[in-house]
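Bear in mind that the values here come from a model prediction, so they are computed numbers and not experimental data. Residue numbers start from 1 in every chain, and the chains themselves are labelled A, B, ... in the order their sequence lines are given, proteins ahead of strands. Below, all heavy atoms of this structure are taken into account, side chains as well, without hydrogens, waters or symmetry copies.
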Protein chains: 2
Amino acid sequence: MRMAKGVEWALHTLLNLDMAGGGPVGSSQLAQAHGLPAPYLNKQLQQLSRAGLLASTPGPRGGFSLTRPLDAITLLDVVQAIEGDADMFQCTEIRCCGRIGELSPRPTGPCPVKNAMSRAEASWREALAAQTLAEIKAELDTGPVVGEIIRAALR
Amino acid sequence: MRMAKGVEWALHTLLNLDMAGGGPVGSSQLAQAHGLPAPYLNKQLQQLSRAGLLASTPGPRGGFSLTRPLDAITLLDVVQAIEGDADMFQCTEIRCCGRIGELSPRPTGPCPVKNAMSRAEASWREALAAQTLAEIKAELDTGPVVGEIIRAALR
DNA sequence: AATATCCAGGATATGTAATGTCCTGGATAG
DNA sequence: CTATCCAGGACATTACATATCCTGGATATT
Ligand code: SF4
Ligand code: SF4
């Protein structure tokens, strides 16, 4: 039930890329900006790329760049790109095993337990989708100085 | 990000205990009702017990019994008893590491990222708390026959 | 064309937490 | 006193996230 660290990495990397100003930035620069393991961060960036949040350009002076402005990226986009979209409650059908499973008729129709869990999860995703990275950046930003620092750190 | 299987086990065990009619039921009976590993289920039951959802009576003819009716038990109660109440988004403070960490001033005030995640998580818990086991039992129950079967399986 | 740089992605460790097992001790009914 | 059952600590096992490495392909530069 703990969220992958990659989500935090991806969030800050996306925010940094926005500060960087559009040009592609290499994955190793992005990694050392926060002291992250470069090869692993690279994999996460690949996932973001497959999800359509990032574009990658190979070759010298290549790297990753944002495909859309921050106000078009929600927290849900990032979480789904990193964590996948599998349900957190995954049923093992224990009701059909053991004594009760043998004695009971095979259950029919949709499962109420699963339904209730899915409703809760849906409202979680909804709340995630209601937050854009632009809003978060606005609360996080502490002035133009920070932009300079980040651009310098990404050289 | 996957929920522990113990949640499913606990849910069905609580529902079964309700069917059983109030008297304490041994953990091994509860386990074989669904073909679950008895010693491990026992640990989960201990957690439910510590959370106040179950009462345990030692000695012969002992076992576990519900402490309150199903309509006073929410999904959140069960999830929290099994999974604990730790946040799913746990920050590693990467913003303070690496180049950016060294160059930037130490961030002040509450973290907007964390806040947004917490809001989403809160709305998840809220949805879980809105569902009682009694409601789920009502949708799950397929008639008085099932009650008989479960009571028989728990002998 | 040759070269240096950088991403893509598979194969493979390593670490950590969930899952599963075992055993000892304490409580209680008979 | 004894048989039964829970409490809980100490492991073993498994699954998964985390981390590393290496090969190949793309591209800008020379
Ligand atoms: S009743 Fe629902 S949660 Fe329980 S085993 Fe069946 S499908 Fe899974
Ligand atoms: S900005 Fe927030 S999420 Fe990012 S490292 Fe700091 S506390 Fe954690």
Side-chain angles (χ1 to χ4, degrees), chain A residues 1-10 13 17 23-32 34-67 79 81-84 86 88-90 92 94 97 154-155, chain B residues 1-10 13 17 23-32 34-65 67 79 81-84 86-90 92 94 97 154-155:
Chain A
M1 273 300 289
R2 216 182 90 237
M3 185 172 269
K5 294 185 200 171
V7 173
E8 188 185 359
W9 301 1
T13 300
L17 272 174
V25 181
S27 70
S28 40
Q29 274 87 355
L30 292 169
Q32 66 190 236
H34 287 307
L36 301 174
Y40 190 37
L41 176 68
N42 198 309
K43 287 205 175 306
Q44 317 274 33
L45 296 178
Q46 286 178 34
Q47 292 188 251
L48 293 175
S49 180
R50 274 193 288 269
L53 299 181
L54 290 181
S56 67
T57 42
R61 303 295 307 154
F64 292 93
S65 46
L66 291 172
T67 57
V79 170
I82 300 294
E83 294 272 1
M88 27 186 170
F89 181 81
Q90 270 158 338
T92 338
I94 61 170
C97 310
L154 291 179
R155 295 252 146 269
Chain B
M1 274 297 293
R2 218 181 90 238
M3 184 172 273
K5 294 187 199 170
V7 174
E8 187 184 0
W9 301 1
T13 300
L17 272 174
V25 182
S27 71
S28 40
Q29 274 88 355
L30 292 169
Q32 65 188 239
H34 286 308
L36 302 174
Y40 190 36
L41 177 67
N42 198 311
K43 287 202 177 306
Q44 318 274 33
L45 296 179
Q46 287 178 35
Q47 293 189 250
L48 294 176
S49 180
R50 275 193 288 269
L53 300 181
L54 290 182
S56 67
T57 42
R61 301 300 303 156
F64 291 93
S65 45
T67 57
V79 170
I82 300 295
E83 294 271 2
D87 289 345
M88 26 185 172
F89 181 80
Q90 269 157 338
T92 337
I94 61 170
C97 311
L154 292 179
R155 293 255 146 268

Quickly work out the A:N42 CG to C:dT5 P distance and round it to whole Å.
17 Å
Does B:T57 put a side-chain nitrogen or oxygen below 4.0 Å from OP1 or OP2 of D:dC5?
no
Which of C:dG26, D:dA28, C:dA29 is nearest the side chain of B:P60? It is C:dA29
Could you tell me which non-hydrogen atom of A:L41 sits nearest to which non-hydrogen atom of A:S27, and how far apart they are?
CD2-O, 4.1 Å
Between B:L53 and B:A81 the two heavy atoms that sit nearest each other are CD1-CB, 4.3 Å
Can you measure A:Q47 atom CD to D:dA17 atom P for me and round it to whole angstrom units?
10 Å
Comparing nearest nucleotides in DNA chain D, the 5'-proximal residue of the pair A:R61, B:G26 is B:G26
Would you say A:S56 reaches C:dC6's phosphate, i.e. side-chain N/O to OP1/OP2 under 4.0 Å?
no
With distance as the sole test, does A:E83 use its side chain to make a donor-acceptor pair with the main-chain N or O of A:A4 at under 3.5 Å?
yes
Heavy atoms under 4.0 Å, any strand shown: does A:S28 hit a base, just sugar-phosphate, or nothing?
nothing
Which atom pairs link the protein and nucleotides 16-22 of chain C when you take only N or O atoms and keep those under 3.5 Å?
from	atom 1	to	atom 2	distance (Å)
C:dT19	OP1	B:K5	N	3.0

Starting from C1' on D:dA19, measure out to CG on A:L45 and report it in whole angstrom.
15 Å
Nearest-0.5 Å distance, CE of residue A:M3 to CE of residue A:M88:
8.0 Å
List the steps, then state whether side-chain contact (heavy atoms from CB on, under 4.5 Å) holds for A:L54 with A:T13.
CA-CA 11 Å; A:L54 290 181; A:T13 300; 5.7 Å; no
Check B:P24 against B:T57 and note the closest heavy-atom contact, atom names and distance.
CB-OG1, 3.5 Å
Select one nucleotide: of C:dT28, D:dC6, C:dC7, the one nearest the side-chain heavy atoms of A:F64.
C:dC7
Can you tell me if B:E8 uses its side chain to pair, donor with acceptor, with the backbone of A:T92 under 3.5 Å?
yes
Between C1' of C:dT5 and CD of A:Q29, the distance in whole Å
11 Å
For the side chain of B:S49, counting heavy atoms from C-beta on, which of D:dA7, D:dG8, C:dC7 is nearest?
D:dA7
Nearest whole angstrom, please: distance from the P of C:dC6 to the CD of A:Q46.
16 Å
Starting from P on D:dT18, measure out to CD on B:Q90 and report it in whole angstrom.
12 Å
Whole-Å gap separating P (D:dC16) and CD1 (A:I82):
18 Å
